Amino acid sequence: DGGITQSPKYLFRKEGQNVTLSCEQNLNHDAMYWYRQDPGQGLRLIYYSQIVNDFQKGDIAEGYSVSREKKESFPLTVTSAQKNPTAFYLCASSIGATRTGELFFGEGSRLTVL
Amino acid sequence: DQQVKQNSPSLSVQEGRISILNCDYTNSMFDYFLWYKKYPAEGPTFLISISSIKDKNEDGRFTVFLNKSAKHLSLHIVPSQPGDSAVYFCAASARSQGAQKLVFGQGTRLTINP
């Protein structure tokens, strides 16, 4: 089955620690995204990548880093510089440059900072 | 600056009746609009979309209406079913190069009562 796999589903972190969230897709999509969801807020774009070895900051990139070494993979690192990292993180992909095509989302990773 | 707003955080509707979810936007450059449905602890899934050159798009029980002059769109679900209970996000995109960068509203939690 084609889709997007995020892991882990739940993650706990102590303050000051970096954590990496995994996102893998087998849809052969060129573009991949990371969004953050907080209660009462819409999804906010952290980073996106249109092609391998290239990525751009979204609206709330501070305290996060990404890499895109393979088409299938777009891991997100939440660094200790992120002031309020507790949130639900969603990875998504799309076919490519089309602005009319929908995003396909993974099931999300919930990060809690203790 | 919230470019896409869903002013109703929640909506409760009787099963079999019509559900109407509303969305307002401020950016006149948006030319494509989408609705996503999200169950708890899952990623959003695409529901229906509409181009700004249209004022209505219908898919089964779901119809999206667009009023460009009012910068307003709405999603109608009729008849509403218990499985429609979820959070609904409105999203918009503007003509731009590259990836599908969507701006999301805050979401509306729809509850269908039996």
Side-chain angles (χ1 to χ4, degrees), chain A residues 3-10 21 23 25 27 29-52 54-61 66 68 74 88-110, chain B residues 1-10 21 23-27 29-54 57 59 62 64 86-109:
Chain A
I4 299 179
T5 302
Q6 289 186 240
S7 63
K9 200 170 175 85
Y10 298 96
L21 306 179
C23 178
Q25 56 102 354
L27 299 166
H29 285 171
D30 288 314
M32 296 187 74
Y33 313 76
W34 275 104
Y35 283 88
R36 167 180 172 144
Q37 186 191 9
D38 294 284
Q41 296 197 39
L43 283 65
R44 293 181 291 166
L45 182 63
I46 304 172
Y47 267 99
Y48 66 101
S49 167
Q50 302 174 50
I51 196 168
V52 174
D54 185 54
F55 48 83
Q56 287 81 40
K57 292 181 179 180
D59 300 318
I60 54 165
V66 293
R68 186 87 186 275
F74 191 41
F88 189 57
Y89 291 88
L90 287 158
C91 179
S93 69
S94 66
I95 290 173
T98 173
R99 59 181 174 75
T100 62
E102 68 264 28
L103 298 180
F104 293 80
F105 285 89
E107 294 198 339
S109 294
R110 183 166 298 281
Chain B
D1 179 25
Q2 191 81 23
Q3 295 186 70
V4 177
K5 293 183 183 179
Q6 294 175 256
N7 291 317
S8 298
S10 64
L21 296 100
C23 179
D24 296 297
Y25 63 95
T26 56
N27 188 345
M29 298 302 292
F30 288 143
D31 59 356
Y32 212 80
F33 304 90
L34 305 90
W35 284 94
Y36 285 81
K37 176 180 179 179
K38 183 182 181 300
Y39 293 117
E42 292 184 10
T45 55
F46 170 76
L47 195 57
I48 192 169
S49 62
I50 188 167
S51 164
S52 61
I53 62 172
K54 297 187 176 181
N57 187 27
D59 183 4
F62 302 92
V64 56
V87 176
Y88 290 79
F89 289 99
C90 168
S93 71
R95 187 172 286 116
S96 63
Q97 294 181 341
Q100 179 78 351
K101 289 178 64 179
L102 297 181
V103 179
F104 285 84
Q106 307 97 308
T108 296
R109 181 178 300 280

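These numbers come from a predicted model, not from an experiment. The chains referred to below are lettered A, B, ... by the order of the sequence lines, with proteins before strands, and numbering in each begins at 1.
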With a 6.0 Å cut-off (strictly less than), is the heavy-atom count around [atom1] of [X], excluding the residue itself, greater than 12?
X       : atom1 : value
B:Lys54 : NZ    : no
A:Ile60 : CD1   : yes
A:Arg44 : CZ    : yes

**Contact origin within A:Leu45 toward chain B - heavy atom pairs under 4.5 Å** =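 For A:Leu45, side-chain heavy atoms alone lie under 4.5 Å from chain B.
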
**Request:** Measure A:Gln37 against the heavy atoms of chain B and call it side chain, backbone, both or neither at under 4.5 Å.
**Result:**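 For A:Gln37, the contact with chain B is made by the side chain alone.
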
How far does [atom1] of [X] sit from [atom2] of [Y], to the nearest 0.5 angstrom?
X        : Y        : atom1 : atom2 : result
B:Leu34  : A:Leu103 : CG    : CG    : 8.0 Å
B:Glu42  : A:Leu90  : CD    : CG    : 11.0 Å
B:Leu102 : A:Tyr35  : CG    : OH    : 4.5 Å
A:Glu107 : B:Tyr39  : CD    : OH    : 13.0 Å
A:Phe105 : B:Phe46  : CZ    : CZ    : 11.5 Å

**Item:** Partner residues of B:Tyr25 under the ring-ring contact (aromatic ring centres under 6.0 Å, His included) criterion, sequence neighbours left out
**Value:**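 With neighbours one apart ignored, the set is B:Phe33.
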
**Prompt:** What closest approach, in Å, do B:Ala41 and A:Tyr10 show between heavy atoms, and which atom pair accounts for it?
**Reply:**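 For B:Ala41 versus A:Tyr10, the nearest heavy atoms are CB-OH, 4.5 Å.
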
**Item:** Part of B:Pro9 lying under 4.5 Å from any heavy atom of chain A
**Value:**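 Contact with chain A involves no heavy atom of B:Pro9 at all.
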
**Prompt:** Residues two or more places apart in sequence or in another chain: which of them pass side chain to side chain donor-acceptor pair (under 3.5 Å) with B:Lys38?
**Reply:**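 Not a single residue meets the side chain to side chain donor-acceptor pair (under 3.5 Å) criterion with B:Lys38.
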
